[in-house]
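Here's the structure, in structure tokens; my notes come after.
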Amino acid sequence: MSRSASASARIRVAAGAAALIAVACTASAAAAGRSPGSDGSREAAALTGSAKLSRTLGDDITFTFDAHLAARHRMDPAKATGTFRFSHYLDGEGAWAKGRIDCLVTGGKVAVATGVITGSDLPGAKGKRVGFTVHDVGRHDRLGYSWASVGNPAETKNLPKCVSSAPFERVKNGTGDFRVLPWQPDFVE
């Protein structure tokens, strides 16, 4: 085998190995719930999923999140995008709301997000900012919301971005799951 043929074979082997490594890294990121960006980077933070809360009186309370902070906005949580939806019914009475995410900060398996209600059948709720806190602990996730102390999302006044309460509510077993992708800002080691 000539030197040029040997060098060419080594280049093909190296290129093949590099391709396999790239495929494995992409598969690992996807399996870990991270979406690689066009430049191979993952998004900066995320809160996704849907679940019902566990209530002793039988309330039907559901929260759904699809919130994301793009890698290019990693240093500005107020550039988060996405949607949220929640509903609360008991004995056929209740309300629902949906909206757009306007801030997302995550740390470890805890996420705090806010958004503005864009549609609801709850009087006075449209246009209000509301906040959510999720603690992603597998099948036993917890959730909090900004109106916990006032009782109604329509009564949330002048709530700043990325503010909510402690995640005091529990998710009802078997009703869903929330997933938090930790934020990795440049100033944290």
Side-chain angles (χ1 to χ4, degrees), residues 24-37 41-71 73-74 77-90 94-120 122 125 129-149 153 156 159 161-185 188:
C25 288
T26 302
S28 289
R34 294 184 291 246
S35 304
S41 64
R42 72 169 181 89
E43 61 188 326
L47 168 60
T48 58
S50 183
K52 292 184 180 215
L53 299 185
S54 181
R55 287 288 186 92
T56 57
L57 296 177
D59 300 58
D60 183 0
I61 305 170
T62 303
F63 283 83
T64 301
F65 303 102
D66 188 21
H68 303 272
L69 181 62
H73 298 304
R74 94 175 323 96
K79 297 242 176 160
T81 61
T83 59
F84 66 87
R85 184 174 181 89
F86 60 88
S87 62
H88 183 169
Y89 293 97
L90 178 62
W96 62 270
K98 67 179 182 175
R100 63 175 173 74
I101 295 292
D102 65 6
C103 192
L104 173 66
V105 174
T106 64
K109 290 298 195 170
V110 176
V112 177
T114 53
V116 176
I117 296 174
T118 59
S120 180
L122 179 65
R129 177 175 289 117
V130 290
F132 315 97
T133 305
V134 170
H135 187 192
D136 175 6
V137 287
R139 295 184 189 145
H140 306 288
D141 293 345
R142 298 183 74 85
L143 183 132
Y145 36 85
S146 60
W147 60 94
S149 65
T156 302
L159 184 72
K161 289 183 177 182
C162 276
V163 172
S164 188
S165 72
F168 62 95
E169 298 257 20
R170 289 189 327 251
V171 166
K172 187 175 182 180
N173 287 336
T175 66
D177 187 30
F178 298 121
R179 289 166 305 286
V180 174
L181 178 64
W183 184 38
Q184 297 173 338
V188 176

For Ser50, enumerate each residue passing the side-chain hydrogen bond (donor to acceptor under 3.5 Å, both in side chains) test, keeping only those at least two apart in sequence or located in another chain.
Thr64

For residues 169-178, which residue pairs qualify under salt bridge (Lys or Arg N to Asp or Glu O under 4.0 Å), counting only residues two or more places apart or in two chains?
Arg55-Glu169

Partner set under side-chain hydrogen bond (donor to acceptor under 3.5 Å, both in side chains) for Lys161, not counting sequence neighbours
none

Please lay out, stage by stage, how Lys98 and Thr118 fare under the test side-chain contact (heavy atoms from CB on, under 4.5 Å).
CA-CA 6 Å; Lys98 67 179 182 175; Thr118 59; 4.0 Å; yes

Qualifying residues under side-chain contact (heavy atoms from CB on, under 4.5 Å), relative to Ser120, sequence neighbours excluded:
Ala97, Ile117, Leu122, Ala125

Heavy-atom pair of closest approach, residues Arg139 and Asn173:
O-OD1, 3.5 Å

Does any part of the side chain of Asp59, heavy atoms only, come nearer than 4.5 Å to the side chain of His88, both counted from C-beta?
yes

Partners of Thr133 by side-chain hydrogen bond (donor to acceptor under 3.5 Å, both in side chains), sequence neighbours excluded?
Ser164

Is it true that a side-chain atom of Thr114 and a backbone atom of Cys162 form a donor plus acceptor pair closer than 3.5 Å?
yes

Does anything in residues 101-120 form a salt bridge (Lys or Arg N to Asp or Glu O under 4.0 Å)? List the pairs, not counting sequence neighbours.
Asp102-Arg129, Lys109-Asp136

Tell me which donor-acceptor pairs under 3.5 Å the side chains of residues 79-86 have, and how far apart each pair is, sequence neighbours excluded?
none

Run the salt bridge (charged side-chain N to carboxylate O under 4.0 Å, His left out) test against Arg100 and tell me which residues pass, sequence neighbours left out.
none

Using every non-hydrogen atom in the two residues, find where Val171 and Ala51 come nearest and quote the distance to one decimal.
CG1-CB, 3.6 Å

For Phe65, check ring pair (Phe, Tyr, Trp, His ring centres under 6.0 Å) against everything at least two apart and list the hits.
Phe132, Phe178

If you look at every heavy atom in Ala46 and Thr106, which pair is closest and at what distance?
O-CG2, 4.0 Å

Excluding sequence neighbours, so at least two apart, what forms ring pair (Phe, Tyr, Trp, His ring centres under 6.0 Å) with Phe168?
Tyr145

Closest approach of Ala111 and Leu104, non-hydrogen atoms and distance?
CB-CD1, 4.3 Å

Nearest atoms (heavy-atom pairs only) where Ala113 meets Leu47:
CB-CD2, 4.3 Å

In the structure I gave you, are the side-chain heavy atoms of Leu143 and Leu53 within less than 4.5 Å of one another anywhere?
yes

Restricting to non-hydrogen atoms, name the atom on Ala67 and the atom on Ile101 that form the minimum distance, rounded to 0.1 Å.
CB-CG1, 3.8 Å

Please name all residues satisfying side-chain contact (heavy atoms from CB on, under 4.5 Å) with Pro182, sequence neighbours left out, ordered by chain then number.
none

Test side-chain hydrogen bond (donor to acceptor under 3.5 Å, both in side chains) applied to Asp60 - qualifying residues, sequence neighbours left out:
Lys52

Nearest 0.5 Å please: distance from the NE2 atom of His68 over to the NE2 atom of His73.
13.5 Å

